[in-house]
Each structure stands twice: as C-alpha cells, then as structure tokens.
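The structure appears below as structure tokens.
Lettering follows sequence order; numbering is per chain, from 1.
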There are 2 protein chains.
Amino acid sequence: MNARSAELQVNFCQACAIRNRSICADLDSAEIGLLNRMGRRRRLEAGEQFLWEGDEAPVVANVVEGMLKLSNQTADGREQILGLAFPSDFLGRPFGQSTPYGVEALTDAVVCVFQRTDFDRFAREHSRLEHKLLEHTLTELDRTRRWMLLLGRMSAEQKLATFLLELWNRLAPEEDSDPAARSGTMELPFSRQQIADLLGLTIETVSRQITKFRRDGLIDTPSRREIAILDREALMQRSC
Amino acid sequence: MNARSAELQVNFCQACAIRNRSICADLDSAEIGLLNRMGRRRRLEAGEQFLWEGDEAPVVANVVEGMLKLSNQTADGREQILGLAFPSDFLGRPFGQSTPYGVEALTDAVVCVFQRTDFDRFAREHSRLEHKLLEHTLTELDRTRRWMLLLGRMSAEQKLATFLLELWNRLAPEEDSDPAARSGTMELPFSRQQIADLLGLTIETVSRQITKFRRDGLIDTPSRREIAILDREALMQRSC
DNA sequence: CGGACAGTTGATTCATGTCAAATCACGTGG
DNA sequence: CCACGTGATTTGACATGAATCAACTGTCCG
C-alpha cells in the first residue's frame, strides 16, 4: 500500500458520519490510520444477510448507515428478533468463536468490516478502543434486558405501544426540522412479520393492534411502511 | 492502613474461590493488592436485596458465592427476572449512572463490593481487568439474547424444559461425584413464583407443567425445593 | 393443635394463535 | 394506461393455551 492510498483511507475514516459516536471515537489519528487499513466498507442491500446464526464468524463490524436486525430461529423455524442495530452500533462477537445470531439488513446499509482476529488483536493493544466497546456492550445489555420485560410480561397492546415509542426515540433522537418528522411520521423499515418477530407476536395480532390504534386516533398509517404518531401521551398510557 | 493488614487482605483475595474465573483473573499480585484494598466483602442472606432498580447505584460487585437474581418490575407490579448471577459473575453498571435493575440474593451469598467511582478509575488504568470485564459482558449479552427466544417464542412446556436443563448446566458444570448430583437431583433456589417470573408465566402454569413432567416420568420432586432430572433426553425433546 | 404460607388443582375466561378468505398495493406486460 | 398476477396485509371465525379466580392441600413452626 502506498502513502497516497493510505492517506485517502485515513480521510475516509475521518469523514465518517459515526466517527464520534462509534467505538473508534477516542482513537487518535495514528490509531485511526491503522484501524482504517485493517477494515473495509461494505454496502448491503435491504434484505441482504450479513452474518449467519452459528457461523464460524470471521468478522466483526461497525454500522455506518442503515438499520439491521439480529435474530435467532426456533427449531420449528419461527423467528425471534433479538435486537436492532443502528449507525454506530457494533456487530459480531469479538473474542469468541461463532456469532450466536443472524444479522440481516432491514434497509440499505453500510458497514465497516474487520477480520475478527485482526480486530481482537488491535483491541487488546489499544485500550481506548476496548473501553468504548465495553461501554457500547454494557449499554446494549441494558437495552436487551429492558426488552425482556416487554417479551415476558406485556400484553400485545403494551408491546406495540412500547415498540412505536422506542422506535420513534431511536429514529428521531434530535429535534428535527423536517415537517414530516415534526408531525410524528416515520418510515417503518419493517414488514408486519418483522414487527411480530420483534415483539414475540403473530402477524395477525400486530395487524389488529395497529388497526385498533388507528381507529382510536393514536396513530395514522399513511402507507404500509409509514406510521404517524398522533397522540404520544395516549401511547405512553398504553405502553404500561 | 498498615503493612500487616494489607498483606492479610492480599492473601484473602488470593485464596478467593473465583480468583481465576472472575474479572480479576489476569491481574498480577501487585494489582490484586490494589484492588483488594478498594473492595470489601459483604455477606447477603437469602432474600436480601442488594441493589434497587433505578437507584443511583454507588457500587459494583463480583459474586463470590451463592446465586442472585436481576429483575425489573412493570408499572402494575408484576416482575420479570432478567437474569441470574452465579459465582464469578459481575453485578452493577460501571461507567453509568443508575443500575437499571434490582438485585436480590436467592441463596445466602457473598459478594465482593467496590465503590463504582473507584472501580471505574481502576478499570481504566488496568486494561487487563477491563478486558476480562468486556469478555464477561459479551458472554452475558449472548446468554441474555438466548433467553429472549425463550420469552418470545416458546410455549410454557418448552420454557420449563429449557429452564430445567439450563439450570442443570449452570449448577453442575463439572462432573460431580456426589451421588445426588449424579442421579440428577438439584436443589432449586427458587420459589414457584420466581420460576414464573423468570419464564414469563404465572405460578399456576408453572405448577401444572411441573406436575405434568412428573406424571410423565421426566422429573421427580423429592421436595418443593428439589428437582431430579430423570429423563434428560425427553426434556430436550420438549425444550424445542 | 392451629395458623400461615406455599403450592396444587379445578373451573372458567380471555387474549392471542390458527386457519381461511378477502382486500390491497405494486410491478409487469400487453 | 389498464388488466393481471403476486405477495403483503387485513379481516373474520374459531380454537386453544395460558391467565384468572377460587378452593383445597400440604408443610412448617410456634
């Protein structure tokens, strides 16, 4: 690799949209340069599988753009979505053998991919990276545990209300000047089946609950892949 | 603190039963000495609350002995157990503000407690500790995600079968020469209500499933707090 | 012996799953 | 531009597993 291409790659990393939220945030530019040379970007199309459950997982990755799902399947083929991954989230299982879940892109996405062995070595040598990874992992564990309360103890209505509010929080974290966003409309990167797999329900139950919320004026569904939250208060009421 | 008491404490750490499985495993004796001076042991009685959900959590801890549960409550007071903690597991939320779950001892237990601020600082300065903590957290995240499949997609029968097998694995990880253990008997540190909270069921459903397994000859219940696994194969059949 | 509490069992209800049919949305080819 | 086909979603009818409510039983401990 010559100096010019190395430099270009450094610039690439430094221009990265998630540069200061992802696990790379605390690295200095020399470290970024090294990391940059180890990884490569990969573009995924909506619906494309990125990792397979139980595979000898040779890679880990950072999400740069888009949304992905992590999931497991039961023996009889039903699916449970274990979590979602958004930009700056980390994918894969460092310091381990096989990825214990499948990963599929829900939208078109961009990920920053590393060979696991390279990444493991780099992480052990650069404790600032490892520290960030630890913080991300702890946050994800907290989020996952909160989801267990939903799966184990909530009714279908509570599950859907909670899901819509949580999704809104993660999709529109900052005040947004886009009128669509202000009116509470968001694009849903999920099919009804995927919502069902996320909430531990069936597709019919999800559909009925959406209809109920629409009839009660809590939400509107301009199209199948869009949802507008009309009455956040009422949704919060029903979420617990 | 004088030299003699410091030395006694070092010996205390070095004799620790979980010394080589917990996050302290890779520390050298100088580091252990430092850590030892920061922490203190605390004995908990079965049923005693150690951390409260949502509390400004001032502490983190290692489990030395016993079993504890982590749990959340819904607004209407129902409980969901988020996970169990066994010897060498880590408790609390480093690098964060509040513990997002309650922790209660299920059996008499011993924990090794640290002020969170002290621990955070020590961890950042000693990357071998931080690395171990990361590995533990990643493992716990995997385990938690597997439990989501159970909560979201399994029937009551599958849940109970899975639970009994998992418990057996965690309580009897090594080949055991104790005849009770060989015959598959284990002490259950849970009330029926706690099993229900763990599996996202009600106490009555748990009771009925246990009765069914007993009638079918898969298990025996010598007493309320003991279960003998008679037919592991059949349980595995029913667990998925 | 009696009281208290945990667990079991039974009867019934209800939420959600299942199965089936109707409808909608969208892309394709004529 | 429209008819058609396909797959996703919605809706309806019905079945069922688990929750709920209530009574009963066992066990522990004073």
Side-chain angles (χ1 to χ4, degrees), chain A residues 45-47 74 76-80 104 106-107 149-164 187-216 219-227 238-240, chain B residues 46-47 74 76-80 106-107 149-164 187-216 218-228 238-240:
Chain A
E45 290 183 15
T74 53
D76 56 329
R78 290 182 310 162
E79 189 165 343
Q80 175 64 51
E104 183 187 316
L106 292 170
T107 64
L149 185 63
L150 175 142
L151 290 175
R153 289 289 180 220
M154 286 188 185
S155 67
E157 181 179 65
Q158 292 174 319
K159 284 177 177 183
L160 190 69
T162 305
F163 165 70
L164 291 174
E187 201 182 327
L188 264 193
F190 306 102
S191 69
R192 296 293 188 262
Q193 181 62 60
Q194 286 167 339
I195 298 175
D197 292 338
L198 204 39
L199 301 179
L201 297 169
T202 59
I203 184 174
E204 293 94 334
T205 301
V206 170
S207 181
R208 279 187 248 270
Q209 292 298 332
I210 288 179
T211 303
K212 183 147 68 77
F213 283 172
R214 176 157 30 76
R215 272 204 297 258
D216 295 353
I219 62 171
D220 192 22
T221 51
S223 81
R224 283 173 170 180
R225 289 290 184 133
E226 287 176 296
I227 290 224
R238 303 205 189 189
S239 73
C240 55
Chain B
T74 52
D76 55 329
R78 290 182 309 163
E79 188 166 343
Q80 175 64 52
L106 292 170
T107 63
L149 185 64
L150 174 143
L151 289 175
R153 288 295 181 211
M154 287 188 186
S155 67
E157 179 179 65
Q158 292 174 319
K159 284 177 175 182
L160 190 70
T162 304
F163 165 70
L164 291 173
E187 201 183 326
L188 265 193
F190 306 103
S191 68
R192 295 292 188 264
Q193 182 61 59
Q194 286 167 339
I195 298 175
D197 292 338
L198 204 40
L199 300 178
L201 297 169
T202 59
I203 183 173
E204 293 95 330
T205 301
V206 169
S207 181
R208 280 186 248 271
Q209 292 298 331
I210 289 178
T211 303
K212 182 146 70 78
F213 283 173
R214 178 159 26 76
R215 272 205 296 260
D216 295 353
L218 307 195
I219 63 173
D220 193 22
T221 50
S223 80
R224 284 175 170 179
R225 289 289 185 132
E226 287 176 297
I227 289 224
R238 302 205 190 188
S239 74
C240 56

Grab the [atom1]-[atom2] distance between [X] and [N] for me, whole Å please.
X	N	atom1	atom2	value
A/L160	D/dT9	CG	P	14 Å
B/F213	C/dT8	CZ	P	14 Å
A/R214	D/dT9	CZ	C1'	11 Å
B/R153	C/dT16	CZ	C1'	12 Å
A/L199	C/dG17	CG	C1'	15 Å
A/R78	C/dT16	CZ	C1'	12 Å
A/Q193	D/dT9	CD	C1'	11 Å
A/Q209	D/dT10	CD	P	12 Å

| message | Restricting to non-hydrogen atoms, name the atom on A/I219 and the atom on A/I210 that form the minimum distance, rounded to 0.1 Å. | response |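 So the minimum-distance heavy-atom pair works out to CD1-O, 3.9 Å.
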
| field | Atom of B/Q209, atom of B/A156 and distance for their closest heavy-atom approach | value |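 In this case the closest contact between B/Q209 and B/A156 is NE2-CB, 3.9 Å.
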
| said: With a 4.5 Å cut-off on side-chain heavy atoms, are B/R225 and B/S191 touching? | reply: yes

| query | Can you find a pair of side-chain heavy atoms, one from B/R238 and one from B/L218, that are under 4.5 Å apart? | reply | yes

Looking at [Y], is its backbone amide N or carbonyl O close enough to the side chain of [X] to form a donor-acceptor pair, meaning the two atoms are under 3.5 Å apart?
X	Y	answer
B/E226	B/L188	no
B/R153	A/E79	yes
B/R78	A/M154	no

| request: Count the heavy atoms of every other residue, nucleotide or ligand shown that sit under 6.0 Å from CD of A/E187, and state whether that count exceeds 12. | output: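 No, CD of A/E187 has 12 or fewer neighbouring heavy atoms, counting only those of other groups under 6.0 Å.
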
| request: With heavy atoms under 4.0 Å as the rule, sort B/S155 into base, sugar-phosphate or nothing. | output: sugar-phosphate

| request: Say whether A/T221 and A/R214, considering side chains only, have a donor N or O and an acceptor N or O under 3.5 Å apart. | output: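 Judged by distance alone, the side chains do pair up.
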
| task | Specify the residues of residues 200-208 of chain B, ordered by number, for which at least one heavy atom lies under 4.0 angstrom from an atom of DNA chain C. | result | B/E204, B/S207, B/R208

Show the distances under 3.5 angstrom between N or O atoms of the protein and N or O atoms of nucleotides 23-25 of chain C.
{"residue": "C/dC24", "atom": "O2", "partner": "A/R224", "partner atom": "NH2", "Å": "3.4"}

